[in-house]
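Every chain is numbered from 1, with letters handed out A, B, ... down the list of sequences.
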Amino acid sequence: NAGVMQNPRHLVRRRGQEARLRCSPMKGHSHVYWYRQLPEEGLKFMVYLQKENIIDESGMPKERFSAEFPKEGPSILRIQQVVRGDSAAYFCASSPPIRASTDTQYFGPGTRLTVL
Amino acid sequence: AQKITQTQPGMFVQEKEAVTLDCTYDTSDPSYGLFWYKQPSSGEMIFLIYQGSYDQQNATEGRYSLNFQKARKSANLVISASQLGDSAMYFCAMREVEGGSEKLVFGKGTKLTVNP
């Protein structure tokens with residue numbers, strides 16, 4: 001049973017370019033969450049999606065950032081016109097559609113974005 | 001808004017000894033869940049243990065146990081018989097459920113170093 005998969009694991013972009021981060025949730029999971037971890041910090045919530053729906057994007061910067069989770073295929077976090085401050089580790093997590101209170105979110109290995 | 005506080009930026013412990021990592025939380029919700037994650041130098045987030053606010057007993061999972069003191073709003077992680085492989089960042093998190101959304105709120109973490 002494969003875990004949450006993220007690719008690429010490392011991504012280098014120059015200022016002004018676009019970054020696309022992909023996340024495939026665990027099999028059977030229909031809920032996806034994106035978190036950002038700045039250096040020396042804990043993870044900060046960005047967005048919560050279900051298939052074809054954005055449930056909560058309260059943690060997402062208003063400009064340049066967008067996320068989707070289409071009916072088919074992985075969830076995508078897209079950052080347009082990247083700036084140096086976007087350099088961080090971006091984690092995706094997933095959870096099943098029906099779950100007990102004890103169920104955690106299962107995290108992928110993260111994508112380390114470096115903006116030059 | 002919920003808040004997680006980890007007051008120990010770094011902790012040191014001798015191999016085979018026990019160590020306690022502190023976590024306090026702030027919430028007005030009567031029902032909540034608390035999680036601990038381990039992040040080794042490789043970067044992935046590994047779920048360790050969960051404590052529900054209504055659980056009668058402290059959670060245990062192998063060498064990990066949670067010292068849950070509800071009145072003090074603390075959920076300290078105890079690692080017994082420390083091993084060199086326990087050296088990592090440790091994050092305390094709380095599940096926040098609000099208005100149909102759900103997210104994890106993380107503390108800033110504690111860096112644990114196990115000395116031989």
Side-chain angles (χ1 to χ4, degrees), chain A residues 2-11 23 26 29-50 53-60 67 88-114, chain B residues 1-10 21 23 25 29-55 57 59-61 64 66 88-111:
Chain A
V4 179
M5 301 180 70
Q6 290 188 250
N7 67 82
R9 295 291 304 275
H10 299 274
L11 182 61
C23 168
M26 285 180 71
H29 286 193
S30 57
H31 296 220
V32 165
Y33 314 79
W34 286 93
Y35 294 83
R36 177 165 65 174
Q37 185 180 30
L38 296 172
E40 311 298 324
E41 295 280 330
L43 278 67
K44 294 277 192 328
F45 169 79
M46 298 181 74
V47 62
Y48 166 30
L49 310 108
Q50 296 176 17
N53 283 309
I54 297 175
I55 306 302
D56 181 356
E57 56 183 347
S58 59
M60 196 105 91
Y90 291 84
F91 287 91
C92 169
S94 73
S95 64
I98 299 173
R99 56 198 183 280
S101 61
T102 54
D103 283 337
T104 184
Q105 297 175 12
Y106 296 86
F107 282 83
T111 294
R112 271 97 188 140
L113 172 65
T114 302
Chain B
Q2 297 176 336
K3 184 179 174 183
I4 297 287
T5 302
Q6 294 180 254
T7 57
Q8 307 154 313
L21 306 183
C23 172
Y25 58 91
D29 293 334
S31 177
Y32 50 89
L34 297 157
F35 302 82
W36 276 91
Y37 287 86
K38 172 184 179 182
Q39 187 178 43
S41 58
S42 51
E44 70 267 34
M45 294 291 287
I46 302 168
F47 165 67
L48 296 178
I49 196 166
Y50 167 84
Q51 180 80 48
S53 58
Y54 292 122
D55 293 345
Q57 294 184 328
T60 61
E61 197 69 52
Y64 304 109
L66 217 151
M89 285 291 294
Y90 288 82
F91 292 97
C92 179
M94 172 181 283
R95 178 191 283 126
E96 179 177 284
V97 180
E98 187 176 12
S101 178
E102 176 182 323
K103 66 189 76 159
L104 292 176
V105 178
F106 286 84
K108 292 197 171 189
T110 295
K111 184 175 182 179

Count the heavy atoms of every other residue, nucleotide or ligand shown that sit under 6.0 Å from [atom1] of [X], and state whether that count exceeds 12.
| X | atom1 | result |
| --- | --- | --- |
| A:Glu41 | CD | yes |
| A:Gln50 | CD | yes |
| B:Lys108 | NZ | no |

Which heavy-atom pair separates B:Leu104 from A:Phe45 by the least distance, and what is that distance?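 Distance-wise, the nearest heavy atoms are O-CB, 4.3 Å.
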Of the non-hydrogen atoms in B:Ser101 and A:Ile55, which two are nearest, and what is the gap between them?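 Looks like CA-CG2, 4.3 Å.
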What residues, two or more places apart in sequence or in another chain, satisfy side-chain hydrogen bond (donor to acceptor under 3.5 Å, both in side chains) together with A:Tyr35?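 Applying side-chain hydrogen bond (donor to acceptor under 3.5 Å, both in side chains) to A:Tyr35 gives A:Gln105.
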Set of side-chain hydrogen bond (donor to acceptor under 3.5 Å, both in side chains) partners for B:Trp36, sequence neighbours left out: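 So B:Trp36 forms no side-chain hydrogen bond (donor to acceptor under 3.5 Å, both in side chains) with any residue.
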Quick check for you: to the nearest 0.5 Å, what is the distance between A:Phe91 atom CZ and B:Phe106 atom CZ?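 One gets 9.0 Å once the value is rounded to the nearest 0.5 Å.
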Between atom NZ of B:Lys103 and atom OG of A:Ser58, what is the distance when rounded to the nearest 0.5 Å?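 One gets 3.5 Å once the value is rounded to the nearest 0.5 Å.
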Please look at B:Gln51 and chain A and tell me whether the side chain, the backbone, both or neither of the residue comes under 4.5 angstrom of a heavy atom of that chain.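 For B:Gln51, neither part sits under 4.5 Å from chain A.
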When A:Phe107 is tested against each of B:Phe35, B:Phe91, B:Tyr37 for ring pair (Phe, Tyr, Trp, His ring centres under 6.0 Å), which residue passes?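 Filter result, single survivor: B:Tyr37.
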Can you tell me which of B:Gly43, B:Gly100, B:Gly109 forms the most heavy-atom pairs within a distance under 4.5 Å of chain A?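 Highest number of pairs under 4.5 Å: B:Gly43.
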Run the side-chain contact (heavy atoms from CB on, under 4.5 Å) test on A:Gln37 and B:Gln39 for me, step by step, so that the C-alpha distance in whole Å, both residues' side-chain angles and the decisive distance to 0.1 Å come before the verdict. CA-CA 12 Å; A:Gln37 185 180 30; B:Gln39 187 178 43; 3.0 Å; yes
